[in-house]
**Q** 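First the structure, then my questions, so here it is.
What you are looking at is a predicted structure, and each value in this text was computed from that prediction instead of being measured.
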Amino acid sequence: MNDWVKSRDDAAPSAAVLDWMLDTDPALRWQVERDITGAPPKTWQATRSRVATEGFGARLLAEQDADGQWAGGAYFPAGFFGSAEADEPGQPWTATTWSLKDLREWGLDADVLAGTAEKLEANSRWEYDDLPYWGGEVDVCINAFTLATGAWLGADVSQLAAWFPAHRLADGGWNCEAEEGNSTRSSFHSTLNAIRGMLQYEKISGDESLRDARHGGEEYLLKRCLLSRESTGEPVGDFVEQFTYPNRYQYSALAALEHFREVSLYEGRSPDPRLADAIGLVRTQRQPDGTWLQGSRMPGRAWFDIDVPVGEPSPWLTMMGIRVLDWWDRAS
């Protein structure tokens with residue numbers, strides 16, 4: 001058992017921390033109301049409806065182009081390649097895929113984007129081989145985001161769904177480098193994005209055809225306790241301890257636990273005991289005041305800042321940390 005594991009403690013926030021989390025954008029507040037305060041559905045649903053008209057959601061919706069895209073591109077903004085920005089670290093987070101991912105995860109009602117799926121079908125092509133948007137491309141992370149978002153917007157992503165079991169690697173997971181022949185081993189990052197996308201697809205569409213593949217990807221991470229190399233037991237990388245929001249596509253123990261919490265609630269399963277080390281890591285990162293700090297941010301231009309700078313208490317990460325620990329402790 002790893003040194004990270006600690007005894008159970010009270011996950012409930014103080015009144016000050018709770019007020020601080022509630023005094024935020026509707027995109028976060030409705031989740032605090034639903035998952036932390038236990039507010040009745042009419043309360044958090046009313047807050048969630050404000051995502052379309054206030055704060056982050058309204059600001060991002062205002063950036064949508066007439067053709068249905070954001071920033072004129074599918075995964076990268078128009079004009080990115082060959083520009084000075086392409087030589088800078090990271091990438092811009094302003095194009096269509098990233099914008100839709102944010103809006104979906106913030107809880108925007110898909111009806112607000114009525115007609116967007118059809119516009120993207122007609123107007124958006126992947127920068128890779130000029131492929132049509134809803135068919136996906138060769139990168140598993142991109143395909144996972146597209147699968148979930150397509151289901152959310154009512155696009156036909158049935159062919160894309162079939163891509164995931166067909167491209168699963170022998171060790172049980174996925175790797176964005178595999179399609180180019182650069183790896184035969186699965187990646188923590190790619191596998192988490194794949195199983196998260198498949199879970200959202202199933203929850204929205206009701207199609208359980210990917211459940212076995214998803215369970216296999218989940219087992220890949222569980223065998224490694226979400227943290228370590230199976231072969232040596234050594235930490236897989238510093239990234240597991242870097243909790244950050246928005247995490248874009250980057251793996252962390254907290255991001256993985258968010259998925260396993262959602263699976264547990266959706267499928268009615270108890271938490272797997274192999275999650276204990278990752279839970280212990282989350283506990284150790286809780287500050288004396290009950291908050292979690294923003295970790296290293298992924299470089300790249302965004303439409304606007306969503307969370308706090310590095311090293312400051314993050315209301316998003318604090319909400320996630322509290323609800324993961326509360327879920328675990330209640331089931332223990």
**Q** Can you check side chain to side chain donor-acceptor pair (under 3.5 Å) on Trp174 and Ser187, steps first, answer last?
**A** CA-CA 6 Å; Trp174 290 263; Ser187 153; over 6 Å; no
**Q** For Arg224, which residues count as a salt bridge (Lys or Arg N to Asp or Glu O under 4.0 Å) partner, sequence neighbours excluded?
**A** Glu230
**Q** For residues 36-43, tabulate all N or O donor-acceptor pairs below 3.5 Å that involve a side-chain atom, not counting sequence neighbours.
**A**
| unit_1 | atom_1 | unit_2 | atom_2 | d |
| --- | --- | --- | --- | --- |
| Thr37 | OG1 | Glu33 | O | 2.8 |
| Thr37 | OG1 | Ala39 | N | 3.3 |

**Q** Dump the intermediate steps for salt bridge (charged side-chain N to carboxylate O under 4.0 Å, His left out) on Asp35 and Arg261, then the final yes or no.
**A** CA-CA 12 Å; Asp35 299 330; Arg261 170 188 173 273; 3.6 Å; yes
**Q** For Asp129, check salt bridge (Lys or Arg N to Asp or Glu O under 4.0 Å) against everything at least two apart and list the hits.
**A** none
**Q** Could you list the residues that satisfy side chain to side chain donor-acceptor pair (under 3.5 Å) with Arg59, not counting sequence neighbours?
**A** none
**Q** Who passes side chain to side chain donor-acceptor pair (under 3.5 Å) against Ser205, sequence neighbours left out?
**A**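 Ser205 satisfies side chain to side chain donor-acceptor pair (under 3.5 Å) with no other residue.
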**Q** What residues, two or more places apart in sequence or in another chain, satisfy side chain to side chain donor-acceptor pair (under 3.5 Å) together with Tyr128?
**A** none
**Q** Is Asp19 atom CG crowded by more than 12 heavy atoms from other residues, nucleotides or ligands, each under 6.0 Å away?
**A** yes
**Q** Do Ser264 and Arg269 pass the side chain to side chain donor-acceptor pair (under 3.5 Å) test, and can you show the C-alpha distance, the side-chain angles, and the key distance before you say yes or no?
**A** CA-CA 5 Å; Ser264 172; Arg269 290 195 277 144; over 6 Å; no
**Q** How would you list all residue pairs meeting salt bridge (charged side-chain N to carboxylate O under 4.0 Å, His left out) that involve residues 151-176, not counting sequence neighbours?
**A**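 Pairs touching residues 151-176 that pass the test: none.
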**Q** Who are the side-chain contact (heavy atoms from CB on, under 4.5 Å) partners of Thr318, not counting sequence neighbours?
**A**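 Thr318: side-chain contact (heavy atoms from CB on, under 4.5 Å) contacts with Val17, Trp20, Met21, Thr291, Trp292, Ile322.
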**Q** Would you say the side-chain atoms of Thr97 and Tyr133 include a donor-acceptor pair closer than 3.5 Å?
**A**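 Distance-only check passes for Thr97 and Tyr133.
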**Q** For His215, what residues pass the ring-ring contact (aromatic ring centres under 6.0 Å, His included) criterion, not counting sequence neighbours?
**A**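 His215: no ring-ring contact (aromatic ring centres under 6.0 Å, His included) contacts found.
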**Q** Could you pull out all residues at least two apart from Lys101 that satisfy side chain to side chain donor-acceptor pair (under 3.5 Å)?
**A**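 Side chain to side chain donor-acceptor pair (under 3.5 Å) check on Lys101 returns Glu105.
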**Q** Hey, can you tell me if Phe56 and Phe304 have their rings parallel, tilted or perpendicular (30° and 60° cut-offs)?
**A**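 Parallel.
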**Q** Per the side-chain hydrogen bond (donor to acceptor under 3.5 Å, both in side chains) rule, what does the pair list look like for residues 302-315, sequence neighbours excluded?
**A**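 Non-adjacent pairs meeting side-chain hydrogen bond (donor to acceptor under 3.5 Å, both in side chains): Ser99-Trp303, Gln294-Asp307, Asp307-Ser314.
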**Q** Working note: Arg196 + Glu258, criterion salt bridge (charged side-chain N to carboxylate O under 4.0 Å, His left out); need CA distance, chi angles, decisive distance, verdict.
**A** CA-CA 10 Å; Arg196 293 183 86 171; Glu258 280 269 279; 5.2 Å; no
**Q** Checking side chain to side chain donor-acceptor pair (under 3.5 Å) for the pair Gln200/Glu262: CA distance, chi angles, key distance, verdict?
**A** CA-CA 10 Å; Gln200 296 309 310; Glu262 190 170 0; 2.8 Å; yes
**Q** How about Thr24 and Arg29: does a side-chain donor come under 3.5 Å of a side-chain acceptor?
**A** no
**Q** Can the ring centres of Trp98 and Tyr75 be said to be less than 6.0 Å apart?
**A**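 Here the rings of Tyr75 and Trp98 have centres that are less than 6.0 Å from each other.
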**Q** Asp65: what forms a salt bridge (Lys or Arg N to Asp or Glu O under 4.0 Å) with it, not counting sequence neighbours?
**A**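 Once residues adjacent in sequence are excluded, Asp65 has no partner under the salt bridge (Lys or Arg N to Asp or Glu O under 4.0 Å) criterion.
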**Q** Taking side chain as C-beta onward, heavy atoms only, is Asn143 less than 4.5 Å from Glu137?
**A** yes
**Q** With under 30° as parallel and over 60° as perpendicular, where do the rings of Phe81 and Phe76 fit, or are they tilted in between?
**A** perpendicular
**Q** Just to verify, which of Gln64, Gln69, Glu121 counts as forming a side-chain hydrogen bond (donor to acceptor under 3.5 Å, both in side chains) with Thr116?
**A** Gln64
